[in-house]
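One structure is given here, and the rest of the page talks about it.
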Amino acid sequence: MKQNIVVATHHKTGTVWMSTVFKAIARRLDVNYVDFWSHYGRLDRVLKTPFILLNHNSMFLRHANALRGEDVRILHVIRDPRDVLISAMHYHKKAGEPWLHERVSGSKDAPYQQRLNSLATLHEQYMFELENATGNTIEAMLDWQYDRPNCLEVRYEDLWADRSLSLWSDIASFLGFEGSELEVCRQCFWEHSLFGKASRANRRHARSGEVAQWKREFTPELAHDFLYRFPDALQTLGYESDDQWVESLTGSSKPQAQACTETRDSSLGD
C-alpha cells in the first residue's frame, strides 16, 4: 500500500459490508486495520502506517487531521436516506447493540428499543426513528464535506449493482492499491459481497440490503412527513431532482394499522 486509507460510512450505509471487506484486505496484505471509535482516545498511537481506518459515522471530531494527510485516501459511502430509515428502524427493533437497551442518564424514558417497539403503528415507529437515530445519520450525511480532493464519494446503490466489480476496481485503484494488491481487493470484495460468496453465508446483521426499498415501504403520509423533516436532503445528496417521487406512491404493501413482525434475515449489505 502506497497510501493510508480512511473508510468513512454512516449507520446502515454498508458499514458492516465495508468493514468486513477491508478487514479481509488488511489481513491478506498484512496492514494495520483500525476501528476509529474503538481506539478514539489513543488513535494517534495506534495509527501505524500503512493503515486502513474505518469510521462508521464519518464524524472525526478532534481527529479530523487524519483526513488531511498527503498520504491519505478516503472512501466515503452514502445511501438513499429513505432506505436508511427503513433499514435502521427494523434493525433497531430487535438488535442487541448495548445503546439500544440502555436508559439515557438522567432521563425517565425507557431505552430506545423499548420505546420504538411500544409504538403501535409502522408510521409511528418510522417517525420516532426519523426524529432520533436516523435523523442524526441523515444530518451527518448532509454535513459531510464533499469537496475533498483526496476523497472518492460512492453510493451504496452503485456498490450493490457492481456485479462486474468495475466500480470496485476503480475504487481500489483510487485508494492506492497496485498490481497484485488490486486482485486481493477484488477477491475480498467478491467474497464478502451479497452477490458473491456472502450471499450463501449466514446473514444475521441486517434485514435487507436491497436498494429502493422505500418504493414499496413508504406511504404518501410517511413521504410527506419525511419531506417536512428533511425537505432538501434527497436533492442535496443527489437522489432526487424534485419532489415528484411522492406522487408515485400509492400506499404501502404492509398494513399501517399495526407494526409488522419481520420474517427475513438478510445480509452484510446494511
Side-chain angles (χ1 to χ4, degrees), residues 8-15 56-59 76-95 97 99-100 109 112-144 146 153-161 206-262 264 266 269-270:
T9 64
H10 302 270
H11 187 49
K12 312 310 288 182
T13 69
T15 296
H56 66 257
N57 66 12
S58 293
M59 293 187 293
H76 179 233
V77 184
I78 64 170
R79 188 181 186 183
D80 189 319
R82 294 164 293 190
D83 280 345
V84 171
L85 173 61
I86 293 166
S87 180
M89 191 280 282
H90 289 284
Y91 175 69
H92 291 156
K93 287 173 68 175
K94 58 185 180 180
E97 295 183 15
W99 71 272
L100 291 168
D109 290 334
Y112 192 101
Q113 189 173 94
Q114 183 178 336
R115 293 162 64 196
L116 178 60
N117 282 314
S118 71
L119 299 171
T121 68
L122 280 173
H123 184 82
E124 291 175 309
Q125 291 174 346
Y126 279 129
M127 290 308 300
F128 175 82
E129 182 67 32
L130 190 63
E131 292 297 334
N132 292 281
T134 292
N136 293 336
T137 297
I138 296 173
E139 293 283 4
M141 286 196 291
L142 293 170
D143 288 343
W144 175 260
Y146 284 90
E153 301 292 343
V154 176
R155 292 182 183 181
Y156 172 92
E157 292 79 9
D158 294 331
L159 286 170
W160 174 270
R207 170 178 173 265
S208 175
E210 296 177 0
V211 302
Q213 297 176 52
W214 64 268
K215 291 182 179 180
R216 63 175 182 269
E217 294 285 339
F218 265 47
T219 62
E221 181 184 13
L222 180 58
H224 286 292
D225 286 343
F226 179 93
L227 286 178
Y228 181 81
R229 177 66 176 84
F230 290 103
D232 303 318
L234 297 175
Q235 289 96 324
T236 299
L237 296 174
Y239 282 95
E240 298 288 350
S241 58
D242 52 39
D243 295 338
Q244 291 301 308
W245 63 274
V246 178
E247 305 305 319
S248 69
L249 299 172
T250 58
S252 174
S253 61
K254 296 181 180 180
Q256 293 288 306
Q258 59 183 354
C260 68
T261 299
E262 292 305 318
R264 281 195 306 166
S266 193
D270 286 345

Worked verdict on Phe226 versus Leu234 for side-chain contact (heavy atoms from CB on, under 4.5 Å): CA-CA 10 Å; Phe226 179 93; Leu234 297 175; 4.0 Å; yes
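- Partners of Phe128 by ring-ring contact (aromatic ring centres under 6.0 Å, His included), not counting sequence neighbours, listed by chain and number: Tyr112.
- Of the possible polar contacts, one joining the Asp83 side chain to the Gln213 backbone as a donor-acceptor pair under 3.5 Å is found.
- At least one donor-acceptor pair under 3.5 Å links the side chain of Glu124 to the backbone N or O of Thr121.
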Worked verdict on Glu240 versus Arg82 for side-chain contact (heavy atoms from CB on, under 4.5 Å): CA-CA 11 Å; Glu240 298 288 350; Arg82 294 164 293 190; 2.9 Å; yes
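- Taking Gln113 as the reference, Leu100, His101, Asn117 meet the side-chain contact (heavy atoms from CB on, under 4.5 Å) condition, with sequence neighbours excluded.
- In this structure, CE in Met141 is found 11.5 Å from NE2 in His11, a value given to the nearest 0.5 Å.
- Among Thr137, Ile138, Leu222, Asp225, the single residue meeting the side-chain contact (heavy atoms from CB on, under 4.5 Å) criterion with Leu130 is Ile138.
- The closest donor-acceptor contact from the side chain of Tyr239 to the backbone of Asp80 lies under 3.5 Å.
- In this pair, Trp214 and Phe218 present their aromatic rings perpendicular. The plane angle is above 60°, beyond the 30 to 60° band.
- Within the 3.5 Å criterion, the main-chain N or O of Asp232 finds a donor-acceptor partner in the side chain of Thr236.
- With hydrogens and angles ignored, the 3.5 Å screen pairs a side-chain donor or acceptor of Arg79 with a backbone N or O of Lys12.
- Listed by chain and number, the residues in a side-chain hydrogen bond (donor to acceptor under 3.5 Å, both in side chains) with Trp245 amount to none (sequence neighbours excluded).
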